[in-house]
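The model shown is predicted, which means the values in this text are computed figures rather than measured ones.
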Amino acid sequence: AQRGIREAELAQVFASIDLDNSGTLDLQEMEALLARPHMARLLEGRTAADVLREMDCDGNGLVDFDEFRRAMLQEGRAQRWCQGDVGRYFSSTYNSWLPCRIQSVDMDTGAVMLDVKPGHWLSVQDQAR
């Protein structure tokens with residue numbers, strides 16, 4: 001029941017930010033959000049583009065309600081990746097850690113594709129190894 005209440009509250013907040021009722025938040029709407037004095041204080045030092053980039057997990061330049069909800073509730077924060085995130089991948093071929101960047105994220109499964117292994121999806125289980 002608690003989750004339902006939170007979802008409803010988050011939906012109201014999202015709707016208040018979604019000025020054009022498109023179902024997504026864009027840079028202009030994030031800028032309007034940061035123009036609110038209390039939000040500017042909470043997000044001190046971060047630009048609207050920073051906030052948008054942090055929430056936009058599929059990299060399309062918009063934040064939909066699911067991305068907003070995940071960010072607000074910090075769901076799966078330890079394991080959640082967003083497109084463009086930097087990480088390290090252990091290569092068994094080279095027997096070492098390689099710097100990498102997240103190319104794609106499957107929002108349903110949590111699988112990721114890395115720039116060092118194009119075309120190969122790493123499952124959440126593989127990410128934990």
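Cluster partners of Val86 are absent, since no Ile, Leu, Val, Met, Phe, Trp or Tyr has side-chain heavy atoms less than 4.5 Å from it.
By the side chain to side chain contact (heavy atoms under 4.5 Å, CB included) test, Leu19 is found to be paired with Glu29, Ala32, residues two or more places apart in sequence or in another chain being considered.
In terms of hydrophobic clustering, with Ile, Leu, Val, Met, Phe, Trp and Tyr side chains grouped at heavy-atom distances under 4.5 Å, Trp97 and Met113 are assigned to different clusters. Residues Met72 and Phe65 share a single hydrophobic cluster, defined by chaining ILVMFWY side chains whose heavy atoms lie under 4.5 Å apart. Linking ILVMFWY residues whenever their side-chain heavy atoms come closer than 4.5 Å, directly or via other members, leaves Trp121 and Tyr89 in distinct clusters.
Residue Asp26 holds its CG atom at 6.0 Å from CG of Asp20, rounded to the nearest 0.5 Å. Interatomic distance, Cys57 SG to Arg70 CZ, rounded to the nearest 0.5 Å: 7.0 Å. Put simply, CH2 on Trp81 and CG on Asp106 are 16.0 Å apart, with the number rounded to the nearest 0.5 Å. Thr109 contributes atom OG1, which lies 10.5 Å from atom CG of Leu122 (distance to the nearest 0.5 angstrom). We find the NE2-CG distance between His120 and Asp126 to be 6.0 Å, quoted to the nearest 0.5 Å. Separating the CD1 atom in Ile17 from the CE atom in Met39 is a distance of 6.5 Å, to the nearest 0.5 Å.
The two atoms that bring Gly61 and Asp56 nearest to each other are N-OD2, 2.7 Å, heavy atoms only. Nearest heavy-atom pair across Ser123 and Ala111 is CA-CB, 4.2 Å. Between Gln127 and Gly110 the shortest heavy-atom distance is NE2-O, 2.9 Å.
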Step-by-step side-chain contact (heavy atoms from CB on, under 4.5 Å) determination, Arg101 to Asp85 = CA-CA 6 Å; Arg101 185 173 299 274; Asp85 282 353; over 6 Å; no
task = Output, in order, the C-alpha distance, side-chain angles, deciding distance and verdict of side-chain contact (heavy atoms from CB on, under 4.5 Å) for Tyr94 and Leu98.
result = CA-CA 9 Å; Tyr94 297 105; Leu98 303 175; 4.2 Å; yes
request  = Dump the intermediate steps for side-chain contact (heavy atoms from CB on, under 4.5 Å) on Arg36 and Ser16, then the final yes or no.
outcome  = CA-CA 12 Å; Arg36 299 177 185 178; Ser16 76; 4.0 Å; yes
message = Could you go through Gln103 and Leu114, starting from their C-alpha distance and side-chain angles, then the distance that decides it, and tell me whether this counts as side-chain contact (heavy atoms from CB on, under 4.5 Å)?
response = CA-CA 5 Å; Gln103 294 298 112; Leu114 308 176; 5.8 Å; no
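At least one side-chain heavy atom of Glu31 sits less than 4.5 Å from a side-chain heavy atom of Leu27. Between Leu62 and Leu25, every side-chain heavy-atom pair lies at or beyond the 4.5 Å cut-off. Residues Met30 and Val63 are in side-chain contact: their nearest non-hydrogen atoms beyond the backbone lie under 4.5 Å apart.
Phe90 CZ: more than 12 foreign heavy atoms inside a 6.0 Å radius.
Of the possible polar contacts, none joining the Asp64 side chain to the Phe68 backbone as a donor-acceptor pair under 3.5 Å is found.
Ion pairing between a basic and an acidic side chain is recognised when a charged N comes within 4.0 Å of a carboxylate O; Arg53 and Asp50 show such pairing.
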